[in-house]
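The structure appears right after this line, and notes come after that.
Heavy atoms only: backbone and side chains are in, while hydrogens, waters and symmetry mates are out. Each chain gets a letter, A, B and so on, in the order the sequences are listed, and its residues count up from 1.
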Protein chains: 2
Amino acid sequence: MNIVIVGAGAMGSRVGSALYKNDYHVQLIDDWEEHVEAIQQNGLMVINEKGKEQVYIPAHLPKDCAGEVDLLIILTKSTKTESMMKSCLHLISERTQVLTLQNGLGNIEVLTKYVSKEQLFVGVTTYSAKLSGPGMVEAFGSGKTEIMDVTGQQKEEAERIIQIFNHSAIHAIISENVIKSIWNKVAFNSVMNPLCTLTKSSAGVIGTYCHFYEIIDPILDEIIKVAEVEGIELNKKYITETIIAALNPSMSGSHLSSMYQDIQRGQPTEIEYLNGALLKKGELNQIPMPYNRLLYLLIKMLERGNGQPVLLDKNTVNMSTN
Amino acid sequence: MNIVIVGAGAMGSRVGSALYKNDYHVQLIDDWEEHVEAIQQNGLMVINEKGKEQVYIPAHLPKDCAGEVDLLIILTKSTKTESMMKSCLHLISERTQVLTLQNGLGNIEVLTKYVSKEQLFVGVTTYSAKLSGPGMVEAFGSGKTEIMDVTGQQKEEAERIIQIFNHSAIHAIISENVIKSIWNKVAFNSVMNPLCTLTKSSAGVIGTYCHFYEIIDPILDEIIKVAEVEGIELNKKYITETIIAALNPSMSGSHLSSMYQDIQRGQPTEIEYLNGALLKKGELNQIPMPYNRLLYLLIKMLERGNGQPVLLDKNTVNMSTN
């Protein structure tokens, strides 16, 4: 069975190297040339609780990879799902199974443009990882991965995928409730990513702000209403507790969010697959979402500036009317 | 008649130097020591359409100024009204007239704690200026200044103040509608200052954003509703046109807002006197203001960071979950 990880970012590198070390035939695909070249030349440096290790996993640009893939695991940013699928079409046959473990809403809709629902599996993971540079991934801590088949008719195949993960020390279970888990993660990310980005704060700093509840509450309320009309019953207390747990500096509380880093790098953020996707569902169902709308519009405006001040005339910076 | 300008920022320096050049007995007071010392040593450098000029106007720290002042013109940031008034109490008698030309809501309330309403005059100006550094002010363009007496019983005194301005080539008129003009300026600043600050954009850049109307409209609608219950009828079209005029790069469109600069300098912004003051009035009148509330809370959070990313653990910066 040959496996290709599409998107060798932090999580793609973590999952790929774990599978590779357990003798699965796995390759990484990414369009970040510097990263791919670093892995090709020196292997992927994996740093975890046990120390550092150089993992000599094959890595390619999409166009350089050939053959028919049995299992494609999608771990690109949601902003790249469409373009990466297009550049991987030559690897996909009717027998290829495709598993998305991406964040956000809307990825399944994009993927079903390229493969049938019978081929499609969807999951969500609480594992995290961090790219420290080209060819270097930090993979600390543990987590849980939920996976299900999209049609409900491919249970056996889903079980086989789960075995691969568990054999590779990535804790995975089959779940009927993956969609709800995805929504939980979307709710979390739609609250915290824009807040951390707009205030340039780590999650932990947001938690020390005395208006913490006042600011997350109304954002969350809107999301829960939209989920409800979509038939998904979210538990506000559960999501709030997940947020509070993430404020802990020893968890992700001391990190700047990936959305902030996207802005700094001049890359598009995942906002369209978080608050943006929620807004569209809200509009369809006439649910007013002022908080999510403003967060969305502000992040869209920030996406223009590469994290630097945007001026029409770079020579004139200082102004004060008082 | 001796006149003291409280707050020798951009506008304080502009107004002060204009009066001084027309032979009024005027002094500047500010608590920014570097600025005061620069003016004491080399005079105030005023740059305008006519060129550069060194104006040898007296400037002091509040504690170094003594005597009884006839006219106190308040041009500090609203955040400093209270502390500057406290440090100027020794200059104020029952005969001192006090004119505020500050931005924002709430300054009159603070000032009436220190002087009677009969002594108080309120105004609003469209002039602008820019401090280019300690002892240096750029005073380009013209404008209009509206002034009125707070009680409606001090018309003659208001006229005398207006004469001082007009003699000094600062266009001023008496107006019954100063409060409405202040609200117009508050509406403008409450929309544009937080937006420019959160998106790190100049006003002009905001204007080039295709969702421009979508973002300013709901913020403005909330402000107009609050103004209405306060008995002030704002004209949405007029304010929108003022905003659009300000997007012009040859106007202030190419500047970063003073709120952004306050954040960068680690100084408190005027948010409490803009969206913050509006929210309080909205709460009293049970007007929901989600857009203004979120802008307010985000700016309050940004005020903690001096424009730099805020982390709990400065060593851990990069995180990406994909």
Quiz item: CG/A:Leu294 to CG/B:Asn292 distance, rounded to the nearest 0.5 angstrom?
Solution: 9.0 Å
Quiz prompt | Shortest non-hydrogen contact between A:Leu295 and B:Leu298, atoms and distance | solution = CD2-CD1, 4.4 Å
Practice problem: Mind checking side-chain contact (heavy atoms from CB on, under 4.5 Å) for A:Met136 and listing every partner two or more places apart, or none if nothing turns up? | Solution: A:Met45, A:Ser132
Quiz prompt | Residues which pass side chain to side chain donor-acceptor pair (under 3.5 Å) with A:Lys80, listed by chain and number, not counting sequence neighbours | solution = A:Asp31
Quiz item: What part of B:Glu138 is in contact with chain A, defined as an atom under 4.5 angstrom from a non-hydrogen atom: side chain, backbone, both or neither?
Solution: neither
Practice problem: Evaluate the side-chain proximity of B:Glu214 to A:Arg293: yes if any heavy-atom separation is below 4.5 Å, no if none is. | Solution: yes
Exercise. Working to the nearest 0.5 Å, report the span between NZ of B:Lys300 and CD1 of A:Ile215.
Key: 12.0 Å
Quiz item: Is it true that atom OH of B:Tyr213 has more than 12 heavy atoms of other residues, nucleotides or ligands lying nearer than 6.0 Å?
Solution: no
Self-check item: Proximity breakdown for B:Ile206 and chain A, heavy-atom pairs closer than 4.5 Å
Solution: both
Exercise. Any chance you could measure A:Glu303, atom CD, to B:Thr199, atom OG1, to the nearest 0.5 Å?
Key: 12.5 Å
Self-check item: chain B contact via A:Pro218 - which portion, at a heavy-atom distance below 4.5 Å
Solution: neither
Practice problem: Test side chain to side chain contact (heavy atoms under 4.5 Å, CB included) on A:Leu198 and B:Met301 and set out the steps. | Solution: CA-CA 9 Å; A:Leu198 288 164; B:Met301 291 172 96; over 6 Å; no
Quiz item: If you measure from CG on B:Leu297 to CZ on A:Phe212, what distance do you get to the nearest 0.5 Å?
Solution: 12.5 Å
